[in-house]
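For the numbers below, each heavy atom of this structure counts, side chains included, while hydrogens, waters and symmetry mates do not. Position 1 is the first residue of the sequence; numbering continues from there.
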Amino acid sequence: MSGQVRIPTSRGVFDAITAGPEDGRPVLLLHGFPQTGLVWERQIAALADRGFRVAAPDQRGYSPGARPEDPADYAMEALVADVVAITGELGWPVFDLVGHDWGGAVAWWTADAHPDRLRTLTVVSTPHPGALASTLRTDPDQRARSRYMTEWRDPATERRMLADGARELRALYGDAVPADRVEEYVRHLSPPGALTGALNWYRGGRPGHAIGTTGVPTLYVWGTEDTAFGPAAAEETGSRVEGPYRFERLPGVSHWVPEEVPGVLNRLLLEHLRAHPGD
């Protein structure tokens, strides 16, 4: 099965893009806000062309078949459980995990809860949650950058973002995301309940325990012009990884790395996967 598919699980039905040979080394790609699995289009093609088996689901809230109304159902534990359910349905006992933005946070927490399931971890933009928590306490710059995370919990956020032809939502992507892709995202998030499902990630509450250090071989990619995550958290992330670690700073690149510099990310990702072939 390849192309646009639905993955039925005990936790809901997730829309996904799949590609590559059925027996290829499995790679799961997790998107962030306000995007979908389509953010990985260029990475999916590059991986599939090299024999990897790839799946990029629309995560909880973004898939109509997995869109609970209660914000409590978007707690991190639930999002990690979705990863377990999706890969279980795909028959992937061990896989490579890639995440961007909120998908990156889920990837870090999945590596913490299920390190035995991951061959490698690649996180784009999002620092290790422990590093982010630390810098939120000590770094005024990061506190200012993260203020939106609290502001978007306001129930009026959906109406404001979608007003005037989704002007505020469109502005989030800046100039880094192609215009036709922005249209795809806005169309996906405009139906009743869709943007609420996406924003419920900010309302789901904090994890009930602190995250540990990561032992999985990790690639962390961060653009120096990222408006959400500053240099303090990015640079501290390495101290939160005990396993093999590679940190790649991308000068002049914004938060939207997968679409802004897909060729660069593809190269780094493939190098990382090849460096850690596993069993």
Side-chain angles (χ1 to χ4, degrees), residues 17 28-44 56-63 74-76 79-80 82-83 97-111 121-133 135-136 142 145-153 157 161 168-178 181-182 184-186 188-189 194-195 197-204 206-207 211 218-231 233-234 237 248-250 253-262 264-265 268-269:
I17 303 169
L28 187 73
L29 302 119
L30 304 177
H31 69 85
F33 179 86
Q35 300 180 297
T36 67
L38 192 60
V39 67
W40 301 111
E41 183 178 36
R42 296 283 294 277
Q43 288 71 48
I44 292 168
D58 293 349
Q59 295 195 81
R60 174 173 294 239
Y62 294 83
S63 284
Y74 293 79
M76 185 55 68
L79 303 172
V80 171
D82 289 346
V83 171
L97 183 58
V98 183
H100 173 248
D101 187 77
W102 262 115
V106 176
W108 285 116
W109 281 98
T110 301
L121 174 67
T122 299
V123 180
V124 184
S125 301
T126 315
H128 185 283
L132 180 59
T135 54
L136 283 172
Q142 186 57 58
R145 291 171 186 261
S146 296
R147 191 171 296 126
Y148 72 93
M149 294 185 182
T150 301
E151 294 172 348
W152 287 354
R153 296 174 189 167
T157 304
M161 284 189 172
E168 185 173 320
L169 178 59
R170 293 175 191 276
L172 294 176
Y173 305 100
D175 297 325
V177 179
R181 187 57 49 78
V182 171
E184 289 275 355
Y185 296 145
V186 171
H188 187 92
L189 293 169
L195 187 55
L199 285 165
N200 275 344
W201 286 56
Y202 295 92
R203 301 162 178 157
R206 297 178 179 178
I211 191 170
T218 299
L219 167 66
Y220 176 44
V221 182
W222 172 75
T224 63
E225 303 309 304
D226 194 313
T227 57
F229 304 114
T237 289
E248 287 289 339
R249 298 173 181 83
L250 304 183
V253 176
S254 76
H255 180 74
W256 312 103
V257 176
E259 290 163 310
E260 185 175 354
V261 286
V264 173
L265 181 57
L268 295 172
L269 176 56

**OP:** For Asp58 and Thr36, indicate whether the former's side chain and the latter's backbone hold a donor-acceptor pair under 3.5 Å.
**Re:** no

Original post:
Backbone N or O of Ser125 within a donor-acceptor pair of the Tyr220 side chain at under 3.5 Å?
Top reply: yes

Original post:
Taking all atoms of both residues into account, what is the closest heavy-atom pair of Pro34 and Leu172, and its distance?
Top reply: CG-CD1, 4.1 Å

**OP:** Drop me the distance from Leu219's CG to Leu265's CG, to the nearest 0.5 angstrom.
**Re:** 8.0 Å

Subject >> Under 3.5 Å donor-acceptor, Thr237 side chain and His128 backbone >> reply: yes

Original post:
Does Asp101 use its side chain to pair, donor to acceptor, with the backbone of Gly103 at less than 3.5 Å?
Top reply: no

Original post:
Parallel under 30°, tilted from 30 to 60°, perpendicular over 60°: which one fits the rings of Tyr173 and Trp256?
Top reply: tilted

Subject >> Spacing of OG1 belonging to Thr110 relative to CG belonging to Leu97, to within rounding of 0.5 Å >> reply: 5.5 Å

Original post:
Within the side chain of His100, is there an N or O that forms a donor-acceptor pair under 3.5 Å with the backbone of His255?
Top reply: yes

Original post:
Do you know which two heavy atoms are closest between Gly130 and Ile211, and how far apart they sit?
Top reply: N-CG2, 3.7 Å

Subject >> Worked check of side-chain contact (heavy atoms from CB on, under 4.5 Å) between Leu38 and His188 >> reply: CA-CA 11 Å; Leu38 192 60; His188 187 92; over 6 Å; no

Original post:
Counting only heavy atoms not in Arg42, do more than 12 fall under 6.0 Å of its CZ?
Top reply: no

Original post:
Side chain of Arg203, backbone of Arg153: donor and acceptor closer than 3.5 Å?
Top reply: yes

Original post:
Which pair of heavy atoms, one from Val124 and one from Pro258, lies closest together, and at what distance?
Top reply: CG1-CD, 4.3 Å

Subject >> From Thr135 atom OG1 to Arg145 atom CZ, the distance as rounded to the nearest 0.5 Å >> reply: 10.0 Å

Original post:
Which residues pass the ring pair (Phe, Tyr, Trp, His ring centres under 6.0 Å) test with Trp109, sequence neighbours left out?
Top reply: His209

Original post:
Which residues satisfy the salt bridge (charged side-chain N to carboxylate O under 4.0 Å, His left out) test with Glu184, sequence neighbours excluded?
Top reply: Arg187

Original post:
Can any side-chain N or O of His31 pair as donor or acceptor with the backbone N or O of Gln59 at less than 3.5 Å?
Top reply: yes

Original post:
What residues form a ring pair (Phe, Tyr, Trp, His ring centres under 6.0 Å) with Trp40, not counting sequence neighbours?
Top reply: none

Original post:
Just wondering, do Val257 and Leu268 contact through their side chains at under 4.5 Å, heavy atoms?
Top reply: no

Original post:
Rounded to the nearest 0.5 Å, what separation is found between the OH atom of Tyr202 and the CH2 atom of Trp102?
Top reply: 7.0 Å

Original post:
Side chains of Pro57 and Leu28: closer than 4.5 Å at any heavy-atom pair?
Top reply: yes

**OP:** State, to 0.1 Å, how close Gly37 and Ile44 come at their nearest heavy-atom pair, and which atoms those are.
**Re:** O-CD1, 4.3 Å

Original post:
Any sub-3.5 Å donor-acceptor pair from Glu260's side-chain atoms to Ser254's backbone N or O?
Top reply: yes

Subject >> Flag, side chain of Trp108 to backbone of Gly99, donor-acceptor distance under 3.5 Å >> reply: no

**OP:** Could you pull out all residues at least two apart from Trp222 that satisfy ring pair (Phe, Tyr, Trp, His ring centres under 6.0 Å)?
**Re:** none

Original post:
Which heavy atom in Ala233 sits nearest to a heavy atom in Ala131, and how many Å separate them?
Top reply: O-CB, 3.7 Å

Original post:
Got a sec, which residues hit side-chain hydrogen bond (donor to acceptor under 3.5 Å, both in side chains) with Glu259, two or more places apart in sequence or on another chain?
Top reply: Gln35, Arg181, Tyr185

Subject >> Leu169 side, atom CG; Phe33 side, atom CZ - distance, nearest 0.5 Å >> reply: 6.5 Å

**OP:** Find the distance between CH2 (Trp152) and OG1 (Thr157) and round it off to the nearest 0.5 Å.
**Re:** 8.5 Å

**OP:** Ignoring hydrogens and angles, tell me if any N or O in the side chain of Arg60 forms a donor-acceptor pair with the backbone of Gly197 under 3.5 Å.
**Re:** no

Original post:
Are Val106 and Trp201 side-chain neighbours, meaning at least one heavy-atom pair lies under 4.5 Å?
Top reply: yes

Subject >> 4.5 Å side-chain heavy-atom contact, Val264 and Glu248 >> reply: no

Subject >> Set of residues satisfying side-chain hydrogen bond (donor to acceptor under 3.5 Å, both in side chains) with respect to Ser146, sequence neighbours excluded >> reply: Gln142

**OP:** Determine whether Gln43 and Val98 make a side-chain contact, defined as any pair of heavy atoms from C-beta on separated by less than 4.5 Å.
**Re:** no

